[in-house]
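Reading through the C-alpha cells given below for one structure.
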Amino acid sequence: MSATAASTIMNVAKAALGPGLFALPWAFMYLGAAGGALAAVSAGIFAWAAAVVIAGCCEMVWEIRNLSYTIQEADDEVADDDESALVSKPVPTSLSFKDILQASYGPKAGYIVEAAVVCTTSSMLVAMAVLFPDYLQTVTEHWASGSFITKRWACLVFPFIPCYCLCQLTKLHNLRYTSMMGQAAILYSVIAIMVKSISHASTRSAFGDSSIDEGEDSYSHLFSVFPIFLFSVGFHTNAPTYYMELKDRSLSKFGVVIGAALTIVVTFNTACGLTGYLQFGGETKSNILLNYSATDTSLLIGRLLLVIACVFSYPFPHFASRKGLYQILGVTDPTWKMNLIESACVVPTTFLIAYFTHSLGDVVSFTGGFVATLVYMILPSTYIILLKKLKAQESADPVVVRSCTRWSPLAYILPCWGLFCVSSSIFSTFYRITH
C-alpha cells in the first residue's frame, strides 16, 4: 500500500477521463442540455457508489481471509504433525475480482468474472485505439498532406510503440506523473471546446440545427447514450487495486478519494458534453472533435495532445485485462518475459480491431453494457453475500463489520441502474443489427 490519496485521485480521474468524454456531446444531442447534465451527474453518483461497494468487497474478503489464516495458525500449534493443516498463507498482497467472487460463490465463479473483466477492458482498449486515427489523420493531413503517414494504418502504428512500452509497467501508481500530463491534455481540449462554443454564442447559425437529422436512427441511438454516460465515469476494473494500494486505507477514506476524483470527472464530462452539443446541435458527431475543421489550430493542437493522453491512458485498462488473464490461466507470479508476450498478443489485437472500427459512439455504448453487468449487477450481489459471511464470523473485527454494514444499502440500489444500462446496450445493439 504505497499510493497516496493525491496519486489515487489523479489515477482514477485519468482512468475515467478517457475516450468516452468526447462521445458525450453526441449523447447530449439525444437527451437535451438538461437531460444530459442530469444523466452525467447521476452516472457519477452511481459510479461512486459502485467503487465503495467494490472496496467493501475487498475489505470483507481481506478480513475473512485473515480470520481463516489466524484459525489455521491455531490449528497448526495443536497439530504440528498434521500435514493437512500445513497450507500456504491465504492472505495475498493484493486482491482481484476473482478473489472476491471465489470468496462468495466458490472457486469456479472467479474465472467467470475474470473473463468478464477481460472482455470489458479489451473493449476499452479498442475504444482508445479507435481514437488514434481519428485524431492523427486530421493532424497529419494538415501538416503532411499526401504522405503515407496520413493513412489509417500509419496513424495506428505510431502510437502502438509507446502503448506497448507503457504496458510493461507493473504498478499503477508508477503512472501518477504521466496521469498529470494526460489530464492536462484533456483539460486543454475541453477548454478549447468551451471557448469555441462561447465565442459562437452570439451567432445562432454557428450552433447548427438543434433538431436531430431524420435520417439518423434516433430510436436506436436514444438507448445507446445511457451506456455512454456509464462508460464516461468508468475506472472500476482497477478499483480493487486502487483500494488495496491506498495508504492507510479505509472505506471512508476511499469514499472521499473517489468522490474527489469523480467530481473532477463529472465536471469535465458535463462541460464537454454541454458546450459541444450547444455549438453543433443536431449535427453533433459521435466524436465531437470530428466536427471541427482541420484548419482550426487550437483544436488541431488539442487532437495531438489527446493522442498523448490516450497513450498514457491505455495502460490502465490493459493492467486490469492482463491481471484478469493471468488469474484465468492461474499465473500468480508473472515474469517480465510473460508480460512481454501477453502485451505482444493483446495490444496488436486491439489495434487491429480499431483499424476496422470507425464509430467511437458505438464502441463506447457496447462497452458500457459489459461494465454495467460486472460493476452494477454482479459485484453488489457479491457484497451482500460477503457481508452475511462476515457477520457469521464471531471473531470478525467489529469495526470492519460496522463499516461494511453502513454502506450495504448501496448494494441494493445499484442493480436497478445496472439492469437499465445493460438492457439499453443490448436493445440498441440488437436494434441496429436487425435494422
Discussion item. Working note: R406 + S252, criterion side-chain hydrogen bond (donor to acceptor under 3.5 Å, both in side chains); need CA distance, chi angles, decisive distance, verdict.
Written reply: CA-CA 10 Å; R406 182 174 60 183; S252 297; 3.0 Å; yes
Item to complete: Could you check S381 against Y105 for side-chain hydrogen bond (donor to acceptor under 3.5 Å, both in side chains), going step by step and ending with a plain yes or no?
Response: CA-CA 11 Å; S381 62; Y105 303 106; 3.1 Å; yes
Practice prompt. Just do the side chain to side chain contact (heavy atoms under 4.5 Å, CB included) check on L325 and R322 with the steps written out, would you?
Written response: CA-CA 5 Å; L325 184 61; R322 179 171 61 196; 5.6 Å; no
Discussion item. Show, in sequence, the C-alpha distance, side-chain angles and deciding distance for S232 and L21, and conclude whether the side chain to side chain contact (heavy atoms under 4.5 Å, CB included) test is met.
Written reply: CA-CA 6 Å; S232 69; L21 176 67; over 6 Å; no
Worksheet item: Taking it one step at a time, do I328 and V118 satisfy side chain to side chain contact (heavy atoms under 4.5 Å, CB included)?
Response: CA-CA 10 Å; I328 294 172; V118 172; 4.2 Å; yes
Item to complete: I would like to know whether L386 and T382 meet side chain to side chain contact (heavy atoms under 4.5 Å, CB included); could you show each step before the answer?
Response: CA-CA 6 Å; L386 285 172; T382 303; 3.9 Å; yes
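Atoms CG and OH, from L156 and Y355 in turn, are 8.5 Å apart once rounded to the nearest 0.5 Å. Note that the CG atom of L387 and the OG1 atom of T405 stand 4.5 Å from one another [nearest 0.5 Å]. One distance of note links OG of S104 with CG of D99; it measures 10.5 Å at 0.5 Å rounding. Within the model, atoms SG of C58 and CD1 of I100 stand 4.0 Å from one another, a figure rounded to the nearest 0.5 Å. Between the OG1 atom of T8 and the CD1 atom of I258 there is a distance of 7.5 Å, given to the nearest 0.5 Å. Separating the CG atom in L246 from the CG atom in D248 is a distance of 8.0 Å, to the nearest 0.5 Å.
A distance-only check finds a donor-acceptor pair linking the side chain of N291 to the backbone of K285 [under 3.5 Å]. Within the 3.5 Å criterion, the main-chain N or O of F316 finds a donor-acceptor partner in the side chain of N238. No donor-acceptor distance shorter than 3.5 angstrom exists from the side chain of Y277 to the backbone of A27, with no hydrogens or angles considered. Of the possible polar contacts, one joining the R303 side chain to the L289 backbone as a donor-acceptor pair under 3.5 Å is found. A donor-acceptor pair is defined here as one N or O able to donate and one able to accept, closer than 3.5 Å; such a pair exists between the side chain of S7 and the backbone of T4. Looking only at distances, a side-chain donor or acceptor of T349 sits under 3.5 Å from a matching main-chain atom of C345. Without hydrogens or angle criteria, S403 side chain to V399 main chain gives no donor-acceptor distance under 3.5 Å. Formation of a donor-acceptor pair under 3.5 Å by the T350 side chain with backbone atoms of V347 is found in this model. With hydrogens and angles ignored, the 3.5 Å screen pairs a side-chain donor or acceptor of K389 with a backbone N or O of A103.
Side-chain polar atoms of N339 and Y326 form a donor-acceptor pair below 3.5 angstrom. Under the 3.5 Å distance criterion, with hydrogens and angles disregarded, a donor-acceptor pair is assigned to the side chains of Y243 and E59. Side-chain atoms of S343 and Q168 form a donor-acceptor pair, as typed in the model, at a separation below 3.5 Å.
Contact of the L262 side chain with the F235 side chain is registered, since non-hydrogen atoms from C-beta on lie closer than 4.5 Å. Counting heavy atoms from C-beta on, the side chains of T275 and V195 never come closer than 4.5 Å. S408 places none of its side-chain heavy atoms less than 4.5 Å from the side chain of I384. Two residues are said to be in side-chain contact when any heavy atoms from C-beta on lie closer than 4.5 Å; L169 and F319 fail this criterion. Side-chain contact check for D397 versus V401: every heavy-atom pair is 4.5 Å or farther apart. Side-chain contact between F312 and I308 is present, with heavy atoms from C-beta onward closer than 4.5 Å. A heavy-atom distance below 4.5 Å is not found between the side chains of S42 and F229. Counting only heavy atoms from C-beta outward, the side chains of F22 and C272 approach each other to under 4.5 Å.
What you find for I54 and A239 is that their closest heavy atoms are CG2-CB, 3.9 Å. Here the closest non-hydrogen pair linking E63 and L390 is CG-CD1, 3.6 Å. Here the closest heavy-atom approach between residue L136 and residue C155 is recorded as CD1-O, 3.3 Å. Residues M194 and A271 share a closest heavy-atom pair of SD-CB, 3.7 Å. Here the closest non-hydrogen pair linking P317 and T121 is O-CB, 3.3 Å. Taking every heavy atom of both residues into account, H236 and A47 meet most closely at NE2-O, 2.9 Å.
In terms of the side chain to side chain contact (heavy atoms under 4.5 Å, CB included) criterion, residue partners of V52 (sequence neighbours excluded) are, by chain and number, W48, W407, L410. Residues passing the ring-ring contact (aromatic ring centres under 6.0 Å, His included) test with Y383: none are found, sequence neighbours excluded.
The aromatic ring centres of Y292 and F280 sit less than 6.0 Å apart. If you look at Y30 and W26, their ring centroids are closer than 6.0 Å. Taking the six-membered ring wherever Trp is involved, the centroid distance between the rings of F160 and F132 does not fall below 6.0 Å.
The aromatic rings of H318 and Y314 sit parallel to each other, their planes meeting at less than 30°, with 60° as the upper class boundary.
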